[in-house]
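What follows is one structure encoded as structure tokens, with my remarks underneath.
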Amino acid sequence: MRAAAGWRDSSSASAAAVALRALLIATACGLVFALLNLPDGAPAGTSAPGGERAAGGGGGARLSVEQFFFSLLPLLQGLIREARRLSAVAEEIDGQSDEIAAEEDERISKSPPDTKEKIWMMQDQLIMAKAYLHFASTQGSAHLVRELKLRIKEIARAISHSNGGSRVPGSALQKMKAMELTLSKAQRVYPRCSQMASKLRAMTYNSEELVRAHQSESSFLEQVAVRTLPKGHHCLAMRLTTEYFSLDPKEREFPKRDSRQMDDYYHHAIFSDNVLASAVVVNSTIATSKDPGRVMLHIVTDALNYPAMMMWFLTNPPDPAAIQIESLDDFKWLPSDFNSRFKLKGVRDPRYTSALNHLRFYLPEVFPSLSKVLLLDHDVVVQKDLSGLWDIHKKDKVMSAVETCTSSESYHRLDSLVDFSNPTIFNKFDAKACIFAFGMNIFDLNEWRKQDLTATYHKWFQVGKRQRLWKAGSLPPGQIVFYNRTLPLDRRWHVRGLGHDSSIGRDDLESASVIHYSGKLKPWLEISIPKYRDYWNRYLNYDNTFLQQCNIHG
């Protein structure tokens with residue numbers, strides 16, 4: 001039985017980088033050990049009988065070995081550069097990169113090839129210079145110490161000035177030549193490659209440990225930022241809740257609407273515990289609708305945030321659209337453990353453990369009188385009228401969605417989410433099937449009921465719980481439940497990735513009907529991608545009294 005290759009795609013580049021670094025160290029160690037232990041009888045450069053050197057001889061076998069080692073440095077430097085490249089690929093796949101480092105990499109990547117090569121050469125010179133500085137400092141070579149420190153400062157400054165430029169300045173090239181001379185001098189003073197190799201290994205180890213420590217710290221702080229709402233949002237929820245309970249019970253209801261049939265409306269559902277995020281979805285939907293009077297908005301939240309959500313929309317009614325807000329706790333037909341069943345050991349990201357995210361698998365029960373509903377995640381912004389989605393239909397298809405993969409994106413295939421080494425999965429699904437996007441989906445609830453997909457979800461949920469067949473969250477079981485039951489939409493309906501991908505072009509954003517901040521960098525967080533914030537901020541009125549009182553600004 002074959003294993004799922006894609007299951008490991010996200011870690012393959014990282015593993016390759018680690019393997020290449022190990023190869024680098026192993027190569028250096030092997031060469032040093034083998035070459036330094038050669039017998040003093042090599043044909044070239046040895047002493048002739050009688051103590052005189054043979055014609056054309058060099059400086060002795062040991063010196064030839066050392067010179068040979070240093071002649072291999074360009075090869076080792078090439079391996080270092082390849083390790084850097086693979087590490088960059090691994091960071092891109094994992095989606096975890098420091099913003100400053102990412103900007104620097106972007107500047108280097110946009111430089112001409114010659115410029116990139118020169119920058120990498122200067123970085124390699126820095127590594128060598130720092131290694132020699134260690135020996136010079138410990139052995140009291142004051143003149144060489146001063147010279148190395150000066151060259152290190154010059155090269156570091158040259159790298160800084162060269163990043164992002166179309167070419168390396170002439171002054172930087174002069175600094176490189178000066179550094180080459182200094183390194184040659186240091187090599188003559190400290191020719192023993194065994195000591196140099198040992199120092200380089202130590203520097204590599206220390207650097208990797210430092211990188212691992214920074215990555216761990218960055219990951220932890222990022223998780224804290226993702227899981228923690230800003231202080232102003234907590235203030236807003238508290239003030240809205242207090243105001244809600246100060247209202248007369250008769251004032252806690254939305255105005256009655258006309259007796260129009262439910263199917264005369266365009267029904268939009270939002271499952272969210274975030275007041276401001278829901279407000280942006282509502283405001284953008286109404287602002288872009290060609291017929292907002294026919295828009296019906298359904299918000300489902302949890303019991304804790306229900307008062308705040310009600311108070312916000314009571315004081316900011318979405319006229320001329322209609323709105324309905326319900327609490328998750330009012331759905332008595334849900335399983336008794338529904339609020340806790342999605343919590344997994346070691347998984348703390350609320351995107352994966354939230355019961356509201358999994359409520360999508362009960363849409364026919366949430367809206368028993370509807371035949372169609374458009375489900376919007378709370379981290380989207382609607383930019384164009386969506387009424388055309390109600391006219392899209394294909395027999396036997398339950399959901400319409402945008403596919404996320406292209407021919408070159410293997411990590412957007414089904415086997416990147418689901419474990420195909422399990423025969424239960426392997427025998428029923430195509431490992432290379434394209435993943436479709438959640439976040440903007442229209443559902444044919446009549447077809448859903450006809451195919452009894454809620455029961456299908458229950459069956460797969462129990463199987464997945466026993467055998468751990470897929471990654472955390474609602475996306476993997478969604479791919480299983482709606483497999484071969486999804487109608488692909490044009491990509492312009494739904495553009496994703498604004499919560500992790502800073503490379504999305506302006507044309508793609510402007511032409512999209514819905515933009516989706518999928519990823520960790522949500523637009524209401526300080527860690528969000530700055531160039532995408534305005535698309536979200538434009539649908540909030542920051543002069544609102546509650547926002548002013550809680551110091552929430554765009």
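Residue numbers count from 1 along this sequence.
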Rounded to the nearest 0.5 Å, how far apart are [atom1] of [X] and [atom2] of [Y]?
| X | Y | atom1 | atom2 | answer |
| --- | --- | --- | --- | --- |
| Ile323 | Asn316 | CD1 | CG | 10.0 Å |
| Ile325 | Tyr306 | CD1 | OH | 7.0 Å |
| Arg485 | Ile480 | CZ | CD1 | 10.5 Å |
| Asp543 | Gln548 | CG | CD | 6.0 Å |
| Glu251 | Met310 | CD | CE | 12.0 Å |
| Met309 | Leu314 | CE | CG | 12.5 Å |

**OP:** Could you note down all residue pairs passing disulfide bond (SG atoms under 2.5 Å apart) where residues 525-554 supplies at least one of them, sequence neighbours left out?
**Re:** Cys235-Cys550
Original post:
With the threshold set at 4.0 Å, does a side-chain nitrogen-carboxylate oxygen contact exist between Lys432 and Asp430?
Top reply: no
Subject >> salt bridge (charged side-chain N to carboxylate O under 4.0 Å, His left out) assessment of Arg492 paired with Asp490 >> reply: CA-CA 5 Å; Arg492 288 171 294 182; Asp490 187 288; 3.0 Å; yes
Could you verify whether a donor N or O on one side chain and an acceptor N or O on the other, from [X] and [Y], lie under 3.5 Å apart?
| X | Y | answer |
| --- | --- | --- |
| Asn537 | Tyr542 | yes |
| Asp391 | His393 | no |
| Arg533 | Ser528 | yes |
| Gln462 | Tyr457 | no |
| Ser503 | Asp501 | yes |

**OP:** Look at the aromatic rings of Phe436 and Phe482 and report parallel, tilted or perpendicular, splitting at 30° and 60°.
**Re:** perpendicular
Original post:
Mind checking whether Trp524 and Trp536 have parallel, tilted or perpendicular rings, split at 30° and 60°?
Top reply: tilted
Original post:
Hey, which of Leu453, Asp452, Leu445 is the one that makes side chain to side chain contact (heavy atoms under 4.5 Å, CB included) with Arg449?
Top reply: Leu445
Original post:
For the side chain to side chain contact (heavy atoms under 4.5 Å, CB included) test, which of Leu525, Val380, Ile529, Val381 pairs with Tyr517?
Top reply: Val381
Under 3.5 Å donor-acceptor, [X] side chain and [Y] backbone:
| X | Y | answer |
| --- | --- | --- |
| Lys397 | Asn484 | yes |
| His267 | Met296 | no |
| His268 | Tyr266 | yes |
| Glu243 | Ala308 | no |
| Lys250 | Leu247 | no |

Subject >> Qualifying salt bridge (Lys or Arg N to Asp or Glu O under 4.0 Å) pairs, either residue in residues 305-317, two or more places apart >> reply: none
Subject >> Residue pairs involving residues 274-293 (criterion side-chain hydrogen bond (donor to acceptor under 3.5 Å, both in side chains); sequence neighbours excluded) >> reply: Ser272-Ser278
For a quick test of reading the model, state the closest non-hydrogen atom pair linking [X] to [Y] and the distance between them.
| X | Y | answer |
| --- | --- | --- |
| Leu276 | Leu547 | CD2-CD2, 3.8 Å |
| Phe361 | Thr454 | O-OG1, 3.5 Å |
| Gly497 | Ser518 | N-OG, 2.9 Å |
| Ile270 | Val282 | CD1-CG2, 4.0 Å |
| Ala512 | Gln383 | O-NE2, 2.9 Å |
| Gln479 | Cys434 | OE1-O, 4.4 Å |

**OP:** Let me see the working for Asp444 and Lys372 under salt bridge (charged side-chain N to carboxylate O under 4.0 Å, His left out), right down to the final yes or no.
**Re:** CA-CA 5 Å; Asp444 185 332; Lys372 280 190 177 183; 5.4 Å; no
**OP:** Please list, chain by chain and in numerical order, all residues satisfying ring-ring contact (aromatic ring centres under 6.0 Å, His included) with Phe367, sequence neighbours excluded.
**Re:** His298
**OP:** Evaluate whether atom CD of Glu209 has more than 12 neighbouring non-hydrogen atoms of other residues, nucleotides or ligands under 6.0 angstrom away.
**Re:** yes
Subject >> is_close_aromatic(Phe338, Tyr362), centroid dist under 6.0 Å >> reply: yes
Original post:
Listed by chain and number, what are the salt bridge (charged side-chain N to carboxylate O under 4.0 Å, His left out) partners of Asp534, not counting sequence neighbours?
Top reply: Arg538
Subject >> Partners meeting salt bridge (charged side-chain N to carboxylate O under 4.0 Å, His left out) with Asp377 (sequence neighbours left out) >> reply: Arg360
Original post:
Does Arg239 make a cation-pi contact with Phe546, if we ask for NZ or CZ under 6.0 Å from the ring centre and within 45° of the axis?
Top reply: no
Original post:
Any side-chain heavy atom of Leu359 sitting closer than 4.5 Å to one from Phe331?
Top reply: yes
